[in-house]
K.L.:
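My structure is below; once you've seen it, I'll send some questions.
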Amino acid sequence: MSETGIDRTELPDPRYEYGGDDHIFVELDEAMSFDANFRAMAITRAISERDVDGVTEVCPANASYMVRFDPDVVEPATMMDEIRTIAENTQLEESSWESRIVDVPVLFEDPWTHETLMEFRDQHQDPDATDLEYSAAINGFDGVEEFIDAFVSEPHMVTMVGFVPGLPWCFQMVPREDQMEVPKYKQPRTDTPSRAVGFGGAFSVIYPVKGAGGYQLYGRTPIEVLDVDQTLPDFRDSMVFPNPGDVLNYRRIDRDEYDEIREEVEAGEYEYTTETVEFEPEEFFENPHEYNERLTEVIA
Amino acid sequence: MIEVLDGGISTTVQDLGRHGQYHIGMPPSGAMDEEAHRVANALVGNEADDATLEMTYGGADLRFETDAVIALSGATMAATIGDEPVPMHTAVRVEEGEELETEFATDGARTYLSVAGGIDVDPVMESRSTYTLVGIGGYEGRTLAEGDRLPIGEQSAASDEVLGAEAPDEHLRDLDGDGTDIAVVVGLCDYRLTDESRERLCDTEWTVTPEADRVGYRLEGPELEFVEREQPFGAGRDPSNVVDIGYPVGSIQLPQKPIVLMQDAVTGGGYATVGTVVSTERNRLAQRRTHETVQFEAVTVDEAVERRGVAKDRMAALREALEG
């Protein structure tokens with residue numbers, strides 16, 4: 001584990017694009033970086049706070065963001081100017097924000113995702129290995145154990161929520177040289193168990209519901225990220241738990257603990273282990289390892 | 001109450017959609033042909049956001065347990081109450097115990113059935129629209145099936161005021177003579193395409209495949225090629241991959257062949273998007289049937305706004321004609 005800081009990324013000029021007559025899409029960078037993501041979050045937060053007339057959706061993404069608006073209320077060109085002005089007046093250096101630190105228990109090499117990944121071996125880069133074995137090998141790890149250790153050793157930040165309701169894309173909070181990267185399946189699977197924990201590109205995800213998917217499959221969490229009926233206590237305000245900016249701390253659990261937590265979830269009693277802290281991007285960039293330790297301590 | 005005798009091929013309850021939840025991955029849902037939904041509502045004196053039934057390709061058969069006023073708009077669909085044919089775009093009375101039978105759509109893909117008072121299922125996040133993927137909204141979050149019973153809301157206009165109301169043709173979007181061109185604002189990540197492929201996007205007659213539904217319209221046509229590059233960090237290895245972005249409703253994404261994302265689409269992901277079907281043109285695309293063709297016409301955002309103005313004026317004129 002390197003004790004170095006995270007190199008700051010100098011972002012290119014943003015690309016402002018119209019999405020038809022009712023969306024504006026802004027690409028901050030083609031590549032993923034915390035700088036691009038934090039800027040997307042800061043700008044979208046500023047847009048939401050400004051309560052701009054005509055805006056109907058404000059969506060931060062990994063290294064970009066999108067705004068939907070009602071063209072009957074505001075002309076696209078006026079909306080574009082408004083967003084540009086807000087973006088130009090948003091300085092990351094002056095920003096800090098509330099983040100939830102969240103414990104996410106994961107049963108790695110679980111029987112359910114194992115069955116799925118074996119079923120789709122012919123659509124994988126390496127039909128003779130499991131997804132974890134393959135990911136460990138191409139990222140230069142000695143084996144699966146070492147790879148899982150690295151996966152859970154530092155937390156992952158939710159940098160975008162979407163695809164389907166509640167699916168978090170998470171970027172591990174480490175310098176670029178420690179980031180793991182894997183391709184997606186050659187052909188997407190037609191099936192993925194709900195609550196599967198996967199990895200693709202440089203992002204970990206939790207699949208909210210059973211369905212198609214293309215990410216490498218590593219394990220399964222007993223907890224929910226989507227609760228349509230809103231019976232679980234953490235879902236009273238929203239049927240979706242993850243929010244951009246959340247810090248997910250994956251924790252390796254065994255089958256007994258998986259079953260115990262699952263029972264609580266199914267009884268509608270499980271409550272997330274989570275604490276809200278003020279996230280200071282400057283401190284994080286300076287010494288991520290040390291900062292992550294401080295963050296995850298609050299839920300230890 | 002309305003009892004469903006036959007749900008048809010794919011019938012769902014829809015209104016103007018569920019907004020403000022895109023950032024948690026929730027697409028808007030809502031009527032695919034919003035204009036036809038609005039017309040159906042206007043005919044029976046409803047608000048634009050009252051829920052209608054969106055019937056895809058084949059209609060539903062319904063028994064009314066109470067007197068009601070209904071209207072059909074959108075794809076042309078033969079329908080009868082008892083032995084009486086029900087004309088399109090006309091407010092007609094259904095009496096308690098009568099059955100409405102509908103046939104296959106003969107022109108267009110989606111027909112909207114409005115009932116004075118609206119389909120009064122419980123709203124979820126302020127919308128009655130059905131989103132089947134996670135099973136919310138509408139009737140139990142799914143397509144209608146035999147035996148379902150739909151509540152009707154309180155009628156806002158007296159039924160004798162709207163009965164017999166007919167939408168004049170000149171205030172309706174022309175479904176028959178509707179050309180194959182669909183206006184698109186090219187952009188988003190279109191820099192990923194070679195110049196030749198960018199031209200091909202709008203020069204091609206794309207064929208609507210059988211995989212064309214509320215999630216997306218998958219199109220068949222020639223290969224499009226991406227500019228070769230070293231993939232940026234986090235994007236994934238395939239040349240079609242970008243670092244995951246939000247997808248506008250109506251955007252054209254390119255896993256390989258184009259998919260136009262519709263009302264129930266995924267909200268974001270890692271495929272390059274190369275343009276967006278403009279808001280009013282999504283209504284027209286939603287009426288394209290499998291095996292029909294579409295051709296994208298590149299327009300500026302100002303032209304897109306103009307088209308929206310035309311549709312809005314048409315709707316206002318219709319409302320006026322109905323009220324006058």
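Chain naming here is simple, since letters A, B, ... match the order of the sequence lines and numbering starts at 1 in each.
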K.L.:
What residue, out of A/C59, A/G19, A/G201, A/P165, has the most heavy-atom pairs lying under 4.5 Å from chain B?
P.N.:
A/P165
K.L.:
Counting only non-hydrogen atoms closer than 4.5 Å, does B/I245 touch chain A with its backbone (N, CA, C, O), its side chain (CB onward), both, or neither?
P.N.:
both
K.L.:
Side chains of B/F296 and B/V260, heavy atoms from C-beta outward: is any pair under 4.5 Å?
P.N.:
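Side chain of B/F296 against side chain of B/V260, heavy atoms only: contact under 4.5 Å found.
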K.L.:
Per the salt bridge (charged side-chain N to carboxylate O under 4.0 Å, His left out) rule, what does the pair list look like for residues 269-280 of chain B, sequence neighbours excluded?
P.N.:
none
K.L.:
My understanding is that only residues two or more places apart in sequence, or in another chain, count here; which of them pass side chain to side chain contact (heavy atoms under 4.5 Å, CB included) with A/P244?
P.N.:
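Side chain to side chain contact (heavy atoms under 4.5 Å, CB included) check on A/P244 returns A/M41, A/P60, A/V161.
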K.L.:
Need one label for A/V228: side chain, backbone, both or neither, based on atoms under 4.5 Å from any heavy atom in chain B.
P.N.:
side chain
K.L.:
Hey, could you give me the CG/CD1 distance between B/L285 and B/I182, rounded to the nearest 0.5 Å?
P.N.:
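Result: 5.0 Å between the selected atoms.
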K.L.:
May I ask you to test the B/I259-B/I252 pair for a side-chain heavy-atom distance under 4.5 Å?
P.N.:
no
K.L.:
Measure B/V249 against the heavy atoms of chain A and call it side chain, backbone, both or neither at under 4.5 Å.
P.N.:
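Interface part for B/V249: both.
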K.L.:
For B/L188, which atoms come within 4.5 Å of any heavy atom of chain A: side chain, backbone, both, or neither?
P.N.:
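Both parts, backbone and side chain.
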K.L.:
Is any side-chain heavy atom of B/I24 less than 4.5 Å from a side-chain heavy atom of A/P242?
P.N.:
no
K.L.:
Mind listing the donor-acceptor pairs under 3.5 Å that bridge chain A and chain B?
P.N.:
unit_1: A/R15; atom_1: NH1; unit_2: B/L188; atom_2: O; d: 3.0
unit_1: A/R15; atom_1: NH2; unit_2: B/L188; atom_2: O; d: 2.7
unit_1: A/E17; atom_1: OE1; unit_2: B/L188; atom_2: N; d: 2.8
unit_1: A/D21; atom_1: OD1; unit_2: B/S279; atom_2: N; d: 2.9
unit_1: A/D21; atom_1: OD1; unit_2: B/S279; atom_2: OG; d: 3.1
unit_1: A/D21; atom_1: OD2; unit_2: B/S279; atom_2: OG; d: 2.6
unit_1: A/D22; atom_1: OD1; unit_2: B/R282; atom_2: NH2; d: 2.7
unit_1: A/D22; atom_1: OD2; unit_2: B/R282; atom_2: NH1; d: 3.0
unit_1: A/D22; atom_1: OD2; unit_2: B/R282; atom_2: NH2; d: 3.3
unit_1: A/H23; atom_1: NE2; unit_2: B/V249; atom_2: N; d: 3.2
unit_1: A/E27; atom_1: OE2; unit_2: B/Y191; atom_2: OH; d: 3.0
unit_1: A/E30; atom_1: OE1; unit_2: B/R229; atom_2: NH1; d: 2.7
unit_1: A/M32; atom_1: N; unit_2: B/F233; atom_2: O; d: 2.9
unit_1: A/E57; atom_1: OE1; unit_2: B/G20; atom_2: N; d: 3.2
unit_1: A/E57; atom_1: OE1; unit_2: B/Q21; atom_2: N; d: 3.2
unit_1: A/E57; atom_1: OE1; unit_2: B/Y22; atom_2: N; d: 2.9
unit_1: A/E57; atom_1: OE2; unit_2: B/G20; atom_2: N; d: 2.6
unit_1: A/N62; atom_1: ND2; unit_2: B/D244; atom_2: OD1; d: 3.4
unit_1: A/D72; atom_1: OD1; unit_2: B/R308; atom_2: NE; d: 2.8
unit_1: A/D72; atom_1: OD2; unit_2: B/R308; atom_2: NH2; d: 3.1
unit_1: A/F163; atom_1: N; unit_2: B/T267; atom_2: OG1; d: 3.0
unit_1: A/F163; atom_1: O; unit_2: B/T267; atom_2: N; d: 3.2
unit_1: A/G166; atom_1: N; unit_2: B/I24; atom_2: O; d: 2.9
unit_1: A/W169; atom_1: NE1; unit_2: B/D244; atom_2: OD2; d: 3.4
unit_1: A/E181; atom_1: OE2; unit_2: B/G234; atom_2: N; d: 3.2

K.L.:
When only pairs under 4.5 Å are counted, which of B/G141, B/G20, B/C189 shares the most heavy-atom pairs with chain A?
P.N.:
B/G20
K.L.:
Can you tell me which portion of A/I24 sits under 4.5 Å from chain B's heavy atoms? Options are side chain, backbone, both or neither.
P.N.:
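Contact with chain B: none, neither part.
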K.L.:
Can you tell me which of A/G214, A/P76, A/G166, A/A31 forms the most heavy-atom pairs within a distance under 4.5 Å of chain B?
P.N.:
A/A31
K.L.:
Chain A heavy atoms under 4.5 Å from B/P28: which part of the residue, side chain, backbone, both or neither?
P.N.:
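Side chain of B/P28 only, per the 4.5 Å heavy-atom cut-off to chain A.
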K.L.:
Any side-chain heavy-atom pair from B/L193 and B/L224 closer than 4.5 angstrom?
P.N.:
yes
K.L.:
Is any side-chain heavy atom of B/F226 closer than 4.5 Å to a side-chain heavy atom of B/L254?
P.N.:
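Contact flag for B/F226/B/L254 side chains = yes.
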K.L.:
Taking ring pair (Phe, Tyr, Trp, His ring centres under 6.0 Å) as the definition, give me every residue that meets it alongside A/F285, ordered by chain and number, with sequence neighbours left out.
P.N.:
A/F38
K.L.:
Which atoms of A/M66 are under 4.5 Å from chain B, going by heavy atoms: the side chain, the backbone, both sets, or neither?
P.N.:
side chain
K.L.:
Is A/V26 in contact with chain B via its backbone, its side chain, both, or neither, using a 4.5 Å heavy-atom distance?
P.N.:
neither
K.L.:
With heavy-atom distances below 4.5 Å as the criterion, would you say the side chains of A/V197 and A/L217 are in contact?
P.N.:
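No, every pair of side-chain atoms sits at 4.5 Å or beyond.
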K.L.:
Is A/V164 close to A/P208 at the side-chain level, that is, under 4.5 Å between some pair of heavy atoms?
P.N.:
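The answer is yes; the side chains approach within 4.5 Å.
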